[in-house]
Undergrad: 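Here's a structure for you.
Naming convention: chains lettered A, B, ... in sequence-line order (proteins, then strands); numbering from 1 in each chain.
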Number of protein chains: 2
Amino acid sequence: MPRRRITQADVAAMAGVSQATVSFVLNDSNPSGVRISEETRQRVRDAIRITGYSANPAAQRLAGGLTQILGVFTYESTFPQGGRDFYGPFLVGIEHAAEKLGVDILLFTSARVEDGRRRLTRDGWQRLGIADGCLLLGQHEDRGELQHLLDTNYPFVFIGKRGSDGGRLPYVGVDYVAATARQVDRLAALGHTRIGYVGSRGTDQPTLDRVEGYRATMKRHGLTVRFVELDDVAATAAEVADQRLTAVLVAPENSPEELADELERRGLRVPDDISVLLLGQPLHPRPGGRRWSGFSIPREEMGARALHLLSRLVAADTGRPARRDAPQVPDDELRQLLGCVDVDAETLAPPPA
Amino acid sequence: MPRRRITQADVAAMAGVSQATVSFVLNDSNPSGVRISEETRQRVRDAIRITGYSANPAAQRLAGGLTQILGVFTYESTFPQGGRDFYGPFLVGIEHAAEKLGVDILLFTSARVEDGRRRLTRDGWQRLGIADGCLLLGQHEDRGELQHLLDTNYPFVFIGKRGSDGGRLPYVGVDYVAATARQVDRLAALGHTRIGYVGSRGTDQPTLDRVEGYRATMKRHGLTVRFVELDDVAATAAEVADQRLTAVLVAPENSPEELADELERRGLRVPDDISVLLLGQPLHPRPGGRRWSGFSIPREEMGARALHLLSRLVAADTGRPARRDAPQVPDDELRQLLGCVDVDAETLAPPPA
DNA sequence: TCAACGGGATGATGCGCATTATTAGCAACG
DNA sequence: CGTTGCTAATAATGCGCATCATCCCGTTGA
């Protein structure tokens, strides 16, 4: 039988005070010069202890305006590519930050999935309103969806750099350009000259940045830029061999495992004959898998930073006109680019003699 | 400029109807014979679409409705032991189920962390109220916390079998007894007779069940039960060698990697000289790590099943006495035990000749 | 003696929603 | 012409809490 929960009114009755007094004691606050004597406070506290009262969060939030819930919307459905391997680390960081901020995290899993990716439209983005603000992660194209968020002044932060189309959007991304450049530097320092970049064309920001970092740094070193189109892994490996490359850069989404296996099948040992640097973490880390050299993306930190930023944005635009002194978020915090960390493992070596 | 949330009143104004009408249209219900014409319904729906209205969950809850949000409470803080590796798979399953059920998932990250574990007491369990029900995962002892949930008739489901102390609680767990028994069978079938169980004492359900499965099955095969206490890994390895065991069972939390390494350091090859079966997935799967034979826990399925069960419980006891026709959840669904899957990899072999 | 004051507490209000009770309008009926 | 019956919608209420405006009462200053 649904026993009615204890309310502040119950406590108040027991302590012989008003509901308002209980509220004041609980929050230990005096918003408008309200004073409660220590004696009364104690009486209320006792009543609270005896009754086992605990606040109804729904009511608290309803009265307070904010829900203290921050949302996370993932465009890609997590399943098809075992995506959790990719998003997990972000979530860890997000969770950590949420803990510190004292907010709960709402995963928008109710949005319709179309073509293997979630839509923010229609049913989807309306639910966002539940949270005070929202983190957006994953590749994204639909500009219209975004516009709505902007129009309604809904606080949100992207995880991952936003380029041309969304240059004005708040995000926390990583500096792929610099990180990729450093890989070329590492190879050049070891004496590599025939350094290739294996990948398929893409217009997504990470790809663009990696390519730019590669291209610019090769030029800086006076080396020839060698792009190897990735279509069939076997053909690609052949191409790599033909060009007598001694090192290649590969992004995680471009089948590095398969490529390395194929290269070794052709007699090219990794890394003795050819170094393979991974531009990010492997998509499917498996026990027994290769331990890649390259760089790693600070996903947990990204998640944490993004949530903190979002939290600030929310604070900056609380609906309550009371707080006109709301802190504005400076532009350089609105778009953050974090650095990657170089990884020294088993797929980097000097070029063969 | 402060963003005031759109409310039903706003929608109502735009559609030229009353707030109540909007509520009726939204819930598509007519509790006491209320009727809304299709024409009006459409007008309201349009207004909802245009304004981008979304219900405030706090208000919904306060008014006694459902939020279509299901909560997930993890006792262990995810960080200390890279817990996400452990909880991640559950979440994947939960997310999948949530998608199908059309509900959102709320991670209770706001609860205070004490001694590296979250507390459901005080601040903690109150927030639960936002969600329609809650999944509980992780080891847990505090009976008092639970009692509160039971008293308030709050729907919840444990992930992981609950034993003596909570024999009456809803849970979705795995059959460790049977799974462990099967491992002994596998070893016995290969001719092993000196089969040990390495572990430290524990009163947690998984440990109790694994031990029972081991003990019972060894007896059934007429083999001597050999427990090897795990304290110092080196000492344990020595003990294993001394007893001339040809196979050991190890739970993931009992440092299987270190043990295997130590055994090999002592000249015992795995699995040629000694088979090591892992009773669950490795806690920290790393590229380059060992590929364990043993069994694996269907964590994703557990997560999904648990969420489905929770969903049913919520439906069954919407606290409102209005729905006396609420479907009851049969006892055998309330406590589910799933089977584990045997894994055949690289750490199982016949005993040395 | 009366106004001014300030500590101590309360009543009233509204947050956004679901729901019940009630009303308005209209057709059919006796 | 009054009554019933039915549809379509609204007004009103309360959920539990935070907060503002107000009030009460004992002290002080003039």
Undergrad: Partners of A:A97 by side chain to side chain contact (heavy atoms under 4.5 Å, CB included), sequence neighbours excluded?
TA: A:A304, A:L307, A:H308

Undergrad: What residues, two or more places apart in sequence or in another chain, satisfy side-chain hydrogen bond (donor to acceptor under 3.5 Å, both in side chains) together with B:Q336?
TA: B:R305

Undergrad: Summarise protein proximity over nucleotides 6-16 of chain C in one line of letters, 5' to 3': B for base, S for sugar-phosphate only, - for none, counting protein heavy atoms closer than 4.0 Å.
TA: -SBBBB--BBB

Undergrad: Can you name the side-chain hydrogen bond (donor to acceptor under 3.5 Å, both in side chains) partners of B:D331, sequence neighbours left out?
TA: B:R335

Undergrad: Who pairs with A:R35 by salt bridge (Lys or Arg N to Asp or Glu O under 4.0 Å), at least two apart in sequence or on another chain?
TA: none

Undergrad: Rounded to whole angstroms, how far apart are CG on A:N27 and P on D:dT19?
TA: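 To the nearest whole Å, that distance equals 6 Å.
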
Undergrad: Using the test side-chain hydrogen bond (donor to acceptor under 3.5 Å, both in side chains), find all partners of B:R41 that sit at least two apart in sequence or belong to another chain.
TA: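 Only B:D28 meet the side-chain hydrogen bond (donor to acceptor under 3.5 Å, both in side chains) criterion with B:R41.
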
Undergrad: Taking only residues two or more places apart in sequence or in another chain, which ones pass side-chain hydrogen bond (donor to acceptor under 3.5 Å, both in side chains) with B:T67?
TA: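 With sequence neighbours excluded, B:T67 shows a side-chain hydrogen bond (donor to acceptor under 3.5 Å, both in side chains) to B:D132, given in chain and number order.
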
Undergrad: Could B:D46 and B:R49 be called an ion pair, given the rule that one side-chain N must be under 4.0 Å from one carboxylate O?
TA: yes

Undergrad: Could you tell me, to 10°, how much the axis swings from one end of the helix from C:dT1-D:dA30 to C:dG30-D:dC1 to the other, five pairs per end?
TA: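 The helix from C:dT1-D:dA30 to C:dG30-D:dC1 shows an end-to-end axis angle of 80°.
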
Undergrad: Sequence neighbours excluded, which residues qualify as side chain to side chain contact (heavy atoms under 4.5 Å, CB included) partners of B:S18?
TA: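 Testing B:S18 for side chain to side chain contact (heavy atoms under 4.5 Å, CB included), a comparison that skips the adjacent residues, returns B:A20, B:T21.
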
